[in-house]
There are 2 protein chains.
Amino acid sequence: MPPATPTPARVLAHPGREAIRLETVLHALADPMRLCIVRFLAGRGDAGATCSDIELVVSKSTGTHHYRVLREAGVINQVYRGTAKINTLRRADLDALFPGLLGSVLAADAAQLGREG
Amino acid sequence: MPPATPTPARVLAHPGREAIRLETVLHALADPMRLCIVRFLAGRGDAGATCSDIELVVSKSTGTHHYRVLREAGVINQVYRGTAKINTLRRADLDALFPGLLGSVLAADAAQLGREG
DNA sequence: TTCGTAGTACGATGATTGTCAAATAAGGAC
DNA sequence: GTCCTTATTTGACAATCATCGTACTACGAA
């Protein structure tokens, strides 16, 4: 049975809501790999997904790098659950800070995907 | 009197609407200097502004660089008028491709500015 | 033609970035 | 305990980026 809370060493640092910066969020979203992660997480809602649920065409360490960029930008939340790491979108925080932003980025991404694949 | 159309050598290349990519737009917006330019242009509407209308705290060549990034991303339009260059936001194109995106970025920027200055 | 203004082009530089492979750590199943 | 799975860390690399100063071009005015 996985422990209710991870050991202290495995608690990841997240920026508080007030520390989230627009430029940093935009930078985090301005990468195809990371946009792919965000798109996937958006489709999972509160359930979230592990890192390996999302098929990235890059090495594992590159994947780790992208997840960290998203987490440090305040776009996603990451918590350990056993050996896995559950990723969820920080929708509430982003919507509170930047109303409509995440939604329009996701819609724009979907539209672009629809146009060209 | 400035000519109605610039000499051929001074016509700048802009991406067509269909060539505008979301990641590129987000990357272009993910810089404080460029966000500053976009914010200023948004307040000018169709009138646009010359490069020197906007006070950037960087050297002229750095300014030129940022304008080019925005133009090549499809965020702004640049046309010569005499020695000056008129910059305008490509609102229609961006709204057609990514409805609501530019608006929510501008709103997010304004909100963040209101919170911290 | 001479001058001033608006902006570009050309390096150069230091910082950041995206990528990988190899070694490591933590947790769960046996 | 011994594995297997999951993911991190480290160190390296090439590419991109933001910045600058200097030299340059184009246009308009005097």
Those residues of residues 55-74 of chain B lying under 4.0 Å from DNA chain D by at least one heavy atom: B:V58, B:S59, B:S61, B:T62, B:H65, B:H66
Short side-chain to backbone donor-acceptor contact, B:N87 and B:A49, under 3.5 Å: yes
Any B:S52 side-chain nitrogen or oxygen under 4.0 Å from OP1 or OP2 of C:dT5: no
Separation of atom CD in B:Q78 from atom P in C:dG7, rounded to whole Å: 9 Å
B:R71 side-chain N/O to B:A13 backbone N/O, donor-acceptor pair under 3.5 Å: yes
Rounded distance (Å) that lies between atom C1' of D:dA18 and atom CD of A:E23: 15 Å
Euclidean distance, atom CZ of residue B:R81 to atom P of C:dG7 [Å, nearest integer]: 13 Å
B:E23 side chain to A:P32 backbone, donor-acceptor under 3.5 Å: no
Rounded distance (Å) that lies between atom C1' of C:dA25 and atom OH of A:Y80: 9 Å
Identified side-chain contact (heavy atoms from CB on, under 4.5 Å) partner of B:Q78 from the options B:V11, B:T50, B:L12, B:L70: B:L12
Contact residues, residues 28-51 of chain B to DNA chain C [heavy atom, < 4.0 Å]: B:T50, B:C51
N/O donor-acceptor pair under 3.5 Å between B:T24 side chain and B:I20 backbone: no
Length of the line joining B:R10:CZ and C:dA6:P, which is rounded to integer Å: 13 Å
Residue whose closest nucleotide on DNA chain C lies nearer the 5' end, A:H27 versus A:T83: A:H27
No-hydrogen, no-angle side-chain donor-acceptor test under 3.5 Å, A:S59 and A:T62: yes
Any pair counted as salt bridge (Lys or Arg N to Asp or Glu O under 4.0 Å), so long as it reaches residues 87-100 of chain A, sequence neighbours left out: A:R17-A:D93, A:R90-A:D93
Spacing of B:D53 atom CG relative to C:dT5 atom C1', expressed in whole Å: 13 Å
A:R34 (side chain) donor-acceptor with A:A28 (main chain) under 3.5 angstrom: yes
A:F40-A:M33 co-clustered via ILVMFWY side chain contacts under 4.5 Å: yes
